[in-house]
Amino acid sequence: MEKEGKYIYCIIETNSSRNFGSIGIGGREDEVATIFCEGLSAVVSNTPMAKYTLSRENLLAHEKVIEAVMKEFTVLPVRFCSIAESADEIRNLLGKRHGEFKSLLKDMDGRIELGLKCSWKDMKAIYKEIADSPEIKSRKGKPPLDLDTQIEAGKMVEKLLARKKAEAGEGILAHLRRSAYNIALGKLLIESMFLNAAFLVDKARELEFDNLVDELDKKENINFKYVGPLPPYNFVNVVIRE
């Protein structure tokens with residue numbers, strides 16, 4: 001029989017037993033509950049001592065638990081597939097890193113994560129703007145380009161597109177920055193995307209932040225994908241062991 005361990009989802013501040021239901025990762029309907037020590041608790045479920053693949057199904061199961069706990073507690077998300085061998089190992093962890101976790105919980109208290117992705121609707125219009133730029137226009141009307149010159153021209157277009165993305169992204173951030181406690185930038189996932197950002201926002205300012213995003217939504221040729229409130233995934237990622 002495969003050895004059982006404890007899958008850790010997040011750290012919260014409570015010194016009592018809690019049960020969040022049979023929503024554990026792995027499809028076995030394991031109960032999610034707390035293991036506590038000195039005012040801190042790890043939210044865990046039983047699990048085989050085996051590595052979970054980073055699949056959409058497993059990641060959603062991991063996040064579902066954290067988001068359920070977030071309805072009642074400030075949470076410190078723990079990295080996906082963090083498994084302890086026993087409850088004693090978890091209590092030892094909570095004791096050893098007590099100060100670190102308390103400090104992080106204080107910093108995250110009363111705050112939520114909101115995510116915003118911005119992309120252009122019409123890339124043809126964007127490339128036309130680049131083609132009409134002085135840098136590109138100065139190259140027009142010259143003799144046919146050899147291969148090296150064509151490559152150089154392509155690099156210039158890439159450079160101008162990157163600059164345009166940076167300027168467009170900074171314009172959005174400048175509009176939202178005053179209402180956010182912190183900002184984390186993510187990778188641009190597709191060609192048309194120019195901003196992928198997570199914002200740590202005080203709950204008391206969520207409506208203010210929503211209104212600022214609504215103002216941006218009136219801009220033409222931009223798609224906005226706005227999500228939240230979420231746990232602070234981009235601002236805390238507790239690593240139990242490397």
Side-chain angles (χ1 to χ4, degrees), residues 1-98 100-105 107-109 111-115 117 184 186-187 189-190 196 198 200 203 225-242:
M1 184 176 177
E2 193 169 13
K3 186 179 178 182
E4 290 274 299
K6 302 288 185 183
Y7 187 102
I8 310 172
Y9 301 92
C10 57
I11 308 294
I12 61 175
E13 194 166 15
T14 183
N15 207 19
S16 60
S17 297
R18 288 298 309 271
N19 189 307
F20 297 96
S22 303
I23 56 173
I25 194 170
R28 306 189 314 178
E29 298 187 347
D30 288 294
E31 288 193 347
V32 173
T34 53
I35 295 173
F36 58 87
C37 175
E38 298 180 28
L40 295 175
S41 289
V43 177
V44 307
S45 64
N46 290 335
T47 187
M49 290 291 293
K51 193 164 185 176
Y52 286 90
T53 58
L54 189 58
S55 66
R56 177 176 170 79
E57 180 183 6
N58 287 335
L59 191 57
L60 286 175
H62 173 87
E63 292 177 351
K64 178 183 176 182
V65 172
I66 298 172
E67 288 163 24
V69 177
M70 179 193 170
K71 292 175 183 177
E72 298 180 57
F73 296 93
T74 298
V75 299
L76 301 182
V78 173
R79 186 166 69 177
F80 175 80
C81 199
S82 295
I83 300 173
E85 292 186 359
S86 66
D88 285 342
E89 182 184 345
I90 291 174
R91 293 189 189 97
N92 186 47
L93 168 77
L94 295 174
K96 188 183 295 185
R97 297 174 63 178
H98 187 271
E100 173 195 349
F101 293 154
K102 290 283 278 190
S103 177
L104 284 170
L105 282 162
D107 204 32
M108 294 298 116
D109 188 35
R111 296 188 171 115
I112 54 173
E113 179 175 316
L114 300 169
K117 292 182 175 69
K187 292 180 180 179
L189 305 175
I190 56 176
N196 181 9
L200 190 63
K203 288 180 182 177
K225 184 178 181 183
Y226 183 44
V227 296
L230 299 167
Y233 294 124
N234 285 282
F235 302 94
V236 179
N237 185 25
V238 174
V239 178
I240 301 304
R241 59 167 68 91
E242 294 295 343

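- In this structure, the side-chain contact (heavy atoms from CB on, under 4.5 Å) partners of L189, at least two apart in sequence or on a different chain, are K117, K187, M193, N196.
- Residues satisfying the salt bridge (Lys or Arg N to Asp or Glu O under 4.0 Å) criterion with E57, sequence neighbours excluded, are absent altogether.
- The shortest non-hydrogen separation linking I66 to P231 is CG2-CG, 3.6 Å.
- The nearest pair of heavy atoms linking P232 to L200 is CB-CD1, 4.2 Å.
- Within the structure, the side chain to side chain donor-acceptor pair (under 3.5 Å) test picks out the following pairs touching residues 61-71 (sequence neighbours left out): Y7-H62, E67-Y233.
- Not counting sequence neighbours, K225 has no partner by the side-chain hydrogen bond (donor to acceptor under 3.5 Å, both in side chains) test.
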Could you give me the CA-CA distance, side-chain angles and deciding distance for R97 and I11, then say whether side-chain contact (heavy atoms from CB on, under 4.5 Å) is met?
-> CA-CA 11 Å; R97 297 174 63 178; I11 308 294; over 6 Å; no

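- The two residues G228 and L114 come nearest to each other via the heavy atoms CA-CD2, 3.9 Å.
- The side-chain heavy atoms of I90 and L94, taken from C-beta on, include a pair separated by under 4.5 Å.
- Judged as a salt bridge (Lys or Arg N to Asp or Glu O under 4.0 Å), and not counting sequence neighbours, the contacts of R111 are D107, D202.
- Under the salt bridge (Lys or Arg N to Asp or Glu O under 4.0 Å) criterion, E89 pairs with R241, not counting sequence neighbours.
- Qualifying side-chain contact (heavy atoms from CB on, under 4.5 Å) partners for S103, counting only residues two or more places apart in sequence or in other chains: none.
- Atom-to-atom distance recorded for I12:CD1 and F20:CZ is 4.5 Å, nearest 0.5 angstrom.
- Partners of S55 according to the side-chain hydrogen bond (donor to acceptor under 3.5 Å, both in side chains) rule, which considers only residues two or more places apart in sequence or in another chain, are N58.
- Using a 4.5 Å cut-off on side-chain heavy atoms (C-beta onward), I25 and F80 make contact.
- Every residue two or more places apart in sequence or in another chain was checked for a side-chain hydrogen bond (donor to acceptor under 3.5 Å, both in side chains) with N15, and none qualifies.
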Residue pair R79, I240: steps toward the side-chain contact (heavy atoms from CB on, under 4.5 Å) verdict = CA-CA 8 Å; R79 186 166 69 177; I240 301 304; over 6 Å; no

Without placing hydrogens or testing angles, list every side-chain donor-acceptor pair under 3.5 Å for residues 35-48, not counting sequence neighbours.
residue, atom, partner, partner atom, Å
S41, OG, T14, O, 2.8
S45, OG, Y9, OH, 2.7
N46, OD1, K6, NZ, 2.7
T47, OG1, Y52, OH, 2.5

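- Listed by first and then second residue, the salt bridge (charged side-chain N to carboxylate O under 4.0 Å, His left out) pairs that reach into residues 9-30 are E4-R28, E13-K102, R18-E72, R28-D30, sequence neighbours excluded.
- Considering all non-hydrogen atoms of both residues, V65 and I23 come closest at CG2-O, 3.4 Å.
- Considering only residues two or more places apart in sequence or on other chains, E31 meets the side-chain contact (heavy atoms from CB on, under 4.5 Å) condition with N19, S22.
- In this structure, OG on S86 lies 7.5 Å from NZ on K3, to the nearest 0.5 angstrom.
- Using a 4.5 Å heavy-atom threshold, the side chains of V75 and M108 count as separate.
- Here the closest heavy-atom approach between residue T34 and residue S16 is recorded as OG1-O, 3.3 Å.
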